[in-house]
Participant: 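Let me begin by handing over the structure; questions about it come next.
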Amino acid sequence: MSLGLQSFSTVKEAEAALGAGARYLGGGTLVVRGANEGNTSFWTMVRATDPELSMIEIAYGTARIGASVTMAKVAAHPDLAAIAPVARAVGGPAIRNMATVGGNLFAPAPYGDFAVSLLALDATVQAGGRDVPIEAFLDARDGNRSIVSSVRFNVPKPDAFRFVKVSRVKPKGVSVVSIATLLDMDKQGKITAARIALGCMADRPTRARAAEEALVGKTLSADGIADAVAVIGDGKQPLTDAVASAWYRAEVLPVHFSRLLLA
Ligand SMILES: Cc1cc2nc3c(=O)[nH]c(=O)nc-3n(C[C@H](O)[C@H](O)[C@H](O)COP(=O)(O)OP(=O)(O)OC[C@H]3O[C@@H](n4cnc5c(N)ncnc54)[C@H](O)[C@@H]3O)c2cc1C
């Protein structure tokens with residue numbers, strides 16, 4: 001079976017070509033690998049070359065990153081230092097030069113580290129010309145038929161956003177678990193709002209709502225975080241794969257969550 005590639009200069013034209021047997025091509029690190037490994041569910045790859053897809057814009061504290069922007073570009077951007085460590089945690093240099101922000105939203109666990117951080121940052125996904133909150137987007141991504149054009153989020157202050165990717169093979173193994181937190185604090189160091197996103201605790205990034213609630217009104221001390229640490233895995237169904245079992249992931253999650261908060 002031959003595999004075709006259709007290239008369009010606009011997202012609209014590319015979207016119109018996404019019929020049966022067609023798959024959108026971002027950086028191709030997963031799509032092309034799938035084709036190489038014998039995935040015959042598609043026979044045409046569709047891409048859009050619209051320059052908008054490759055733009056990074058930062059204005060008034062809000063970042064808009066085009067879906068075709070690679071992890072390497074995010075990591076190198078001077079105004080995205082707060083999330084550069086997340087981009088640097090995706091694969092090795094060759095993968096980061098190809099892997100896109102848009103593709104990461106669709107990457108199944110244990111992949112999707114960048115999407116975990118976007119969930120913590122409460123990003124908005126622009127897909128099919130509509131703005132969709134990231135949580136709703138991730139919930140519905142299996143049925144997605146649109147092209148993601150960009151993601152938008154408020155650039156976090158470096159001390160408000162934390163991220164850890166736990167992997168067994170350094171420096172570029174896939175996640176045992178990844179954790180991203182966004183914490184608002186008052187002048188006394190009390191947490192006034194918390195968003196926590198987890199990777200590998202389901203087939204896609206999920207929020208840890210019980211732990212978010214347990215952190216509000218607390219400080220970042222061992223006592224202050226104890227309730228949140230106790231419920232961080234509540235309701236989660238961790239992944240079992242070649243990297244780790246669900247049991248192992250559930251065991252180490254509270255340990256790494258606690259370390260991240262107390263670091
Ligand atoms: C060796 C290796 C190591 C890896 N390590 C990591 C890792 O550490 N962390 C991690 O998170 N990921 C990892 N990945 C997975 C992958 O590289 C990344 O998740 C990457 O960001 C996927 O983006 P892509 O552009 O390559 O996606 P593609 O392969 O192009 O596409 C993936 C899926 O997303 C869809 N898609 C892509 N872009 C869009 C868009 N704009 N609109 C709509 N649909 C779209 C495609 O149709 C496809 O279904 C690794 C992959 C490999 C092969």
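We use all heavy atoms of the structure for the numbers below, so side chains are in, but hydrogens, waters and symmetry mates are not. Numbering of ligands and ligand atoms starts at 1, following listing order.
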Participant: Under 3.5 Å, side-chain donor or acceptor atoms of residues 21-29 against the rest of the protein: list the pairs with distances, not counting sequence neighbours.
Facilitator:
unit_1 : atom_1 : unit_2 : atom_2 : d
Arg23  : NH2    : Ser41  : OG     : 3.4
Tyr24  : OH     : Ala48  : N      : 3.4

Participant: With no hydrogens and no angle check, is any side-chain donor or acceptor of Arg249 less than 3.5 Å from a backbone partner on Met201?
Facilitator: no
Participant: Are there over 12 heavy-atom neighbours, none belonging to Met98, within less than 6.0 Å of that residue's CE?
Facilitator: no
Participant: Determine which pairs satisfy side-chain hydrogen bond (donor to acceptor under 3.5 Å, both in side chains) with at least one residue from residues 157-172, sequence neighbours left out, and list them in order.
Facilitator: Asp113-Lys165
Participant: Near ligand 1, which residues have a heavy atom under 4.0 Å away from one of its atoms?
Facilitator: Arg23, Tyr24, Leu25, Gly26, Gly27, Gly28, Thr29, Leu30, Val31, Arg33, Ala67, Ala89, Val90, Gly91, Ile95, Ala99, Thr100, Gly102, Gly103, Asn104, Phe106, Ala107, Tyr111, Gly112, Asp113, Ser146, Ile147, Val148, Lys165
Participant: Can I get a per-line list of side-chain donor-acceptor pairs under 3.5 Å for residues 179-190, giving both atom names and the distance, sequence neighbours left out?
Facilitator:
unit_1 : atom_1 : unit_2 : atom_2 : d
Asp186 : OD1    : Gln188 : N      : 2.9
Asp186 : OD1    : Gly189 : N      : 3.1
Asp186 : OD1    : Lys190 : N      : 2.9

Participant: Evaluate salt bridge (charged side-chain N to carboxylate O under 4.0 Å, His left out) for Arg195 paired with Glu212, printing each intermediate quantity in order.
Facilitator: CA-CA 6 Å; Arg195 265 182 87 96; Glu212 288 174 356; 5.4 Å; no
